[in-house]
> 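Shown below is the structure under consideration.
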Amino acid sequence: MADTAEMAETAELRVGDQTVQLPVITGSEGERAIDISRLRAETGCITLDPGYANTGSCQSAITFIDGEKGILRYRGIPIEELAEKSNFLEVSYLLMYGNLPNADQLDYFTNSINHHTMLHEDFRKFYASLPKDAHPMAACSAAVGALATFYPDSLDPRDEHEVEVSVHRLIAKFPTLASYAYKHSVGQPFMYPNNGFDYVGNFMWMMFGNPCEEYEVDEVVRKALDLLFILHADHEQNCSTSTTRLVGSSMVNLFGAISAGINSLWGPLHGGANQQVIDMLAAIRDEGMTGRQFVERAKSNDDTSRLMGFGHRVYKNFDPRARIIKKACFDVLNQLGVHSPLLEIAVELEEIALKDDYFVERKLYPNVDFYSGVIYNAIGTPSNMFTALFALGRLPGWIAQWIELHSDPDFRIGRPRQIYTGPTQNAWIPVEER
Ligand code: CMC
């Protein structure tokens with residue numbers, strides 16, 4: 001849990017003829033919040049904030065974002081530094097345990113994850129019962145929820161040992177679950193994990209390998225995926241993380257809370273945008289549209305199209321992850337010798353949008369999803385798996401936030417209020433009189 005923020009001043013609020021003093025608290029990066037936790041008790045009023053754009057739901061010590069300056073840090077460490085020097089499992093440890101692991105801790109963690117990768121054999125039947133065209137996000141969410149049925153011994157969110165076991169199981173098994181979703185959709189045999197590979201290599205083997213052929217992990221691809229997972233690993237109180245926290249606040253087990261987070265991520269305004277971006281680029285190519293024509297459509301009120309992969313609730317400047325991914329995109333495609341017309345279209349769209357008044361005025365920049373799909377596409381990942389890869393990367397962040405929730409001294413079940421606008425008291429009328 002975060003060191004509690006400081007309270008140095010108060011805000012004054014007048015409601016009718018009543019004046020109340022509300023504490024103003026300041027976080028470690030100077031962000032200020034008016035603490036309204038006593039507001040209803042003292043004034044009878046609640047606050048209304050559609051989309052929660054002005055609402056802080058918790059205090060957190062995990063991830064810091066400055067959307068105006070384009071800063072992202074995990075546990076204080078800049079994302080650029082982690083992207084360059086770390087790896088996904090180390091970053092997972094950092095997020096979940098709060099500090100960089102020493103050599104022994106990293107060794108223990110890596111080994112533990114490496115030895116929990118296998119799924120219960122009955123998961124084959126579980127996947128076999130899904131339609132072939134089941135979206136991998138639906139399959140992953142269902143499968144993560146189903147882990148609770150296979151591991152009833154580790155479901156208590158307040159038992160330190162059970163939490164540790166379920167966390168390791170989930171991190172270890174998610175790549176296996178995700179790759180099963182893919183294998184089922186293409187009718188190929190499910191691949192058992194091969195713990196001789198590292199975490200990302202193992203995922204590649206289960207996704208792209210088959211039992212009939214030798215499989216060699218391509219180092220360029222492995223590194224690219226590891227980088228993408230690091231960049232997706234946490235992003236403070238976004239929609240899926242808030243979902244995970246809210247669902248977790250009912251004291252449901254880890255698997256139930258993360259399963260809900262996966263569904264939240266699936267939506268096209270959130271993680272599902274990475275699939276939408278590649279579909280958008282392919283549609284522009286296939287319909288012979290120019291970048292300018294599509295940008296005009298995205299701006300038009302008469303058209304529901306948006307420039308997918310652009311815009312962000314918090315970043316009003318460049319998303320630092322998008323910068324890193326754009327560079328990685330060129331590097332990876334270059335190293336793999338892939339020529340991607342989709343990348344050319346993406347670059348053209350970005351150039352047009354960044355000079356267009358509509359996007360400039362609204363401070364809409366490329367986000368994490370704009371270029372990631374081009375990399376996934378170039379390494380042979382089908383587009384309906386993109387969001388599942390996002391989920392794989394986001395897993396340690398969701399888990400870290402869920403753990404932090406449970407150690408929060410202010411822990412309460414999440415239960416927002418509403419302003420009721422329906423009919424006032426009405427009588428029930430017998431059906432024959434209606
Ligand atoms: N294309 C065209 N117009 C846009 C776009 C876009 N991508 N994004 C925002 N706008 C416009 C929007 O129409 C509105 O215009 P107006 O003020 O005239 O009504 C204005 O910009 C503000 O948009 P908003 O929807 O009120 O902003 P928000 O903070 O509620 O939504 C967003 C943020 C990310 C959902 C939105 O920018 C969007 O839909 N982007 C496309 C989907 C996308 O790329 N999502 C991934 C987000 S980042 C990673 C993640 O969360 O998974």
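Each ligand, and each atom within it, is numbered from 1 in the order the structure gives.
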> Cationic tip of Arg158 within the cone over Phe411's six-membered ring, i.e. under 6.0 Å and within 45° of the normal?
yes
> Kindly write out the residues that satisfy ring-ring contact (aromatic ring centres under 6.0 Å, His included) with Tyr180, not counting sequence neighbours, or none if the list is empty.
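ring-ring contact (aromatic ring centres under 6.0 Å, His included) check on Tyr180 returns Tyr127, Phe190.
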> Side chains of Tyr52 and Gln237 only: does a donor on one sit below 3.5 Å from an acceptor on the other?
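There is no such pair between these side chains.
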> Taking atom CG of Asn238 and atom CZ of Arg394, what is their separation to the nearest 0.5 Å?
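It is 4.5 Å, given to the nearest 0.5 Å.
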> Which residues pass the salt bridge (Lys or Arg N to Asp or Glu O under 4.0 Å) test with Arg124, not counting sequence neighbours?
Glu121
> Under the salt bridge (Lys or Arg N to Asp or Glu O under 4.0 Å) test, which residues partner Lys363, sequence neighbours left out?
none
> What are the distances between nitrogen or oxygen atoms of ligand 1 and protein nitrogen or oxygen atoms, counting only those under 3.5 Å?
from     : atom 1 : to     : atom 2 : distance (Å)
ligand 1 : 1 (N)  : Leu307 : N      : 3.0
ligand 1 : 3 (N)  : Tyr358 : OH     : 2.9
ligand 1 : 7 (N)  : Leu307 : O      : 2.8
ligand 1 : 7 (N)  : Phe310 : O      : 2.9
ligand 1 : 13 (O) : Arg306 : NH2    : 3.2
ligand 1 : 13 (O) : Tyr358 : OH     : 3.4
ligand 1 : 15 (O) : Arg362 : NE     : 3.1
ligand 1 : 18 (O) : Arg362 : NE     : 3.2
ligand 1 : 18 (O) : Arg362 : NH2    : 2.9
ligand 1 : 25 (O) : Arg306 : NH1    : 3.1
ligand 1 : 25 (O) : Arg306 : NH2    : 3.2
ligand 1 : 29 (O) : Arg313 : NE     : 2.8
ligand 1 : 30 (O) : Arg313 : NH2    : 3.0
ligand 1 : 39 (O) : Arg306 : NH1    : 2.7
ligand 1 : 40 (N) : Phe310 : O      : 2.9
ligand 1 : 44 (O) : Gly309 : N      : 2.8
ligand 1 : 44 (O) : Asn367 : ND2    : 2.9
ligand 1 : 45 (N) : Leu269 : O      : 2.9
ligand 1 : 51 (O) : His270 : ND1    : 2.9
ligand 1 : 52 (O) : His270 : O      : 3.2
ligand 1 : 52 (O) : His270 : ND1    : 2.9
ligand 1 : 52 (O) : Gly271 : N      : 3.2

